[in-house]
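To keep things clear, I will list the structure first and then write my remarks on it.
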Amino acid sequence: MSALSLDLEVPGRVHAVLDADRGDVIAVIGPNGAGKSSLVKALAGLVPARGHATLDGVDLTGVPTRERGVGMVFQDQLLFPHLDARHNVAFGPRARGVPKAEALRRAEQWLTRLGVDDLAHRRPGELSGGQAQRVSIARALVTEPDLLLLDEPMSGLDVGVAASLRIELARHLAEFGGISLLVTHDALDALTVANRVLVLDGGEVAQFGTPDEVTQRPVTDHVARLVGLNVLRDGTELRAFEPTAVTVDLNEPSGSARHHWRGTIVVVTPHGAAMRVVVHVADDGPELLADVTPAAAVELGLSVGRVVWLSVKQTSVRSYTAPS
Amino acid sequence: MTDPLGRPPVRLLVPAALGTLLLLLPLVTLVAGTPWSLLGEQLASPELREAMWLSVLTATVAMTICLVLGLPLAWVLARVEFPGRGVVRTLVTVPLVLPPVVAGVALASAFGRTGFIGEPLRELTGFSLPYTTAGVVLAHTFVALPFVVLSIEGALRTARREYDAAAATLGATRWLTFRAVTVPLAMPGILAGIMLGWARSIGEFGATITFAGNYPGTTQTMPTLIYVSINSEPEAARSLSLVLLVFSIVVLVALRDRWLVAR
């Protein structure tokens, strides 16, 4: 039996069914309004929900938030502004009846593990965003929850700060041993931190699988865009191919390429060492991505408004079926 | 500095200046007319000191009661959703607009010798609230509680509810959250509410004199002493008024960050 088994509905917001085992780190991704935050808030008991969420055989629905054994990390941290970092982290153990000296000792231990022990006596107002988020992760983990919920912990941080925090978070979540749900809108989080990815779309589960499955065979446009993949949909039949596999020509290709489209360039931007060209396929077709070398971009005179032909070899196309 | 939108019109400036003058002139004449040479002697008079002590005592006791009753009431209004919450909030504000003398009559009807609660209370214990120091405290509490509740409720509303949620995920009961998170975060607003109520209580006249009378030593506070001395000893009335003015200014200065800073 799975450690976590849920079939939970926040009316009008989200409906999710999923099973997870101890040690799982589940990235929850999806566009704004997909219900990501509602799902984790429902698991924390902060919004009313229908259905069930069984953790180690105990149904959490109906259990008040404070008795759920759930840890939560909020996007804006919500560290108590009147307490220093140490007392913020000690708050959970204190609330659960741990004597003060022991609670402070555990707090200091966790601040050390998160690498912010030198900031123990600072108040949240004196911490940077990255430091505050480390303290808030320590505050959630010190209570040794069975389920850790992280609601976009990395958004709002500088790119560099988020990158180093992501690496550490991956390590702490791997050591954590419980189940983690990480709401994010960054494909990197899903790839580097999680071992499962839950894709929400329009309040429903669109896909649930390993990071490889989800990024190689995405079923939603949102994930396709997040991972920078071209995905064409024909009913439940999907075809995916990398932008680097796409060839750009000014004339209709005559070779063996089975897939080709005519369209207008809408964006040209640098992408790593290449130039990424976004083409709006004619007759209200999809938007496709193509990566070309800067030299080729200059030679072909690729600029916004230019009409071009895109083609891709059959061998570069992955065909798969969307789960119904 | 010239305003790029043009000079403020005279027809607005003149009434504005007159209004300022109307507010300031009586205060200036009060200060100017204070019999400074007699001030020390008057402030030392046992009658005045008794009234001043009684005012401070009753206002402080009344504020303690306002805190014990008003803080929970403000919390319930700010944090608990229940049917009729709007009605309760409106009812709490009624004494705010009630003429103080009416408040005194209303208190008498409830707690007077033959009042709804006053009569059984007197029959049971022999104790009667009107014309006692406890009666003064009751009048002050009745008049000041709405100020305290509304002011604290505002402070509790600005302390974000999300902190309550964060505390709950950490295992805190609502009582612990109230004590360890909500109250410390709202503390500046709570103190401001108490200060405001205290100032209202120090100046309370109508309800006090109606319900508790004006007996030196037991129910005669500063305002009621001023009232009786204005005819017999006008200089003493002025000295007393100056003391109350200083009280008010101290409260104003203490609260200036909350009330005077334009936002």
Side-chain angles (χ1 to χ4, degrees), chain A residues 37 40-48 60 63-84 87-98 100 103 106-107 110 123-125 132 135-136 138-151, chain B residues 67-68 70-72 74-85 148 151-196 254-255 257-258 261 263:
Chain A
S37 277
V40 292
K41 285 195 177 124
L43 277 170
L46 297 175
V47 295
L60 292 181
V63 177
T65 297
R66 66 184 187 87
E67 288 164 20
R68 286 193 179 197
V70 163
M72 182 129 182
V73 176
F74 300 85
Q75 182 184 343
D76 46 0
Q77 295 103 35
L78 292 177
L79 293 174
F80 304 124
H82 62 295
L83 300 177
D84 66 16
H87 284 87
N88 259 286
V89 179
F91 188 94
R94 289 289 289 138
R96 292 183 156 95
V98 175
K100 184 159 191 178
R106 287 187 203 172
W110 272 99
R123 291 199 180 188
V135 174
S136 85
R139 183 175 72 167
L141 284 175
V142 71
T143 60
E144 295 173 352
D146 299 306
L147 179 61
L148 181 66
L149 307 168
L150 303 107
D151 193 0
Chain B
L67 189 64
V68 170
L71 180 56
W75 183 84
V76 168
L77 289 176
R79 287 290 196 276
V80 185
E81 276 174 33
F82 59 92
R85 178 163 69 164
V148 175
S151 168
I152 295 181
E153 195 209 342
L156 294 179
R157 282 183 181 280
T158 49
R160 296 172 57 194
R161 278 193 83 150
E162 287 94 326
Y163 288 119
D164 292 22
T169 65
L170 293 170
T173 59
R174 287 204 95 172
W175 171 240
L176 177 67
T177 304
F178 173 79
R179 275 191 301 129
V181 178
T182 314
V183 167
L185 286 181
M187 193 48 92
I190 293 171
L191 289 179
I194 292 296
M195 286 288 280
L196 200 67
L255 296 179
D257 291 338
R258 281 192 87 73
V261 178
R263 282 170 236 215

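In this text the structure is predicted, and so the values were computed from the model without any measurement.
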Checklist outcome for this item: Highest number of heavy-atom pairs under 4.5 Å with chain A among B:Leu170, B:Thr169, B:Val181, B:Leu176 belongs to B:Leu170
Item to check | Value rounded to 0.5 Å, distance of CG in B:Leu185 from CZ in A:Phe80 | outcome: 8.5 Å
Next on the checklist: Is there a side-chain contact between B:Val148 and B:Ile194 in this structure, where contact means two heavy atoms from C-beta onward sitting under 4.5 Å apart?
Outcome noted: yes
Checklist outcome for this item: Of the listed A:Gly71, A:Ala44, A:Pro81, the one with the largest count of heavy-atom pairs under 4.5 Å with chain B is A:Pro81
Item to check | Contact origin within A:Leu46 toward chain B - heavy atom pairs under 4.5 Å | outcome: side chain
Checklist entry - Does CD belonging to A:Glu144 count more than 12 external heavy atoms closer than 6.0 Å? => result no
Checklist entry - Which bit of A:Arg94 comes within less than 4.5 Å of chain B, counting heavy atoms only: side chain, backbone, both or neither? => result neither
Next on the checklist: Report which part of A:Leu149 has an atom under 4.5 Å of a heavy atom belonging to chain B: side chain, backbone, both, or neither.
Outcome noted: neither
Checklist entry - So B:Asp164 and B:Phe178, side chain to side chain contact (heavy atoms under 4.5 Å, CB included) or not? Walk me through it. => result CA-CA 8 Å; B:Asp164 292 22; B:Phe178 173 79; over 6 Å; no
Checklist entry - Could you state the interatomic distance from CG (A:Asp76) to CG (A:Asp151), rounded to the nearest 0.5 Å? => result 9.0 Å
Item to check | Contacting region of B:Thr173 [heavy-atom separation from chain A under 4.5 Å] | outcome: both
Checklist outcome for this item: If you tally heavy-atom pairs under 4.5 Å between each of A:Arg139, A:Met72, A:Gln77 and chain B, the highest tally belongs to A:Arg139
Checklist entry - For B:Ala167 and B:Thr177, which heavy atoms make the closest approach, and how far apart are they? => result CB-OG1, 3.6 Å
Checklist entry - Is chain A contacted by the side chain of B:Arg174, its backbone, both, or neither, given a heavy-atom distance below 4.5 Å? => result neither
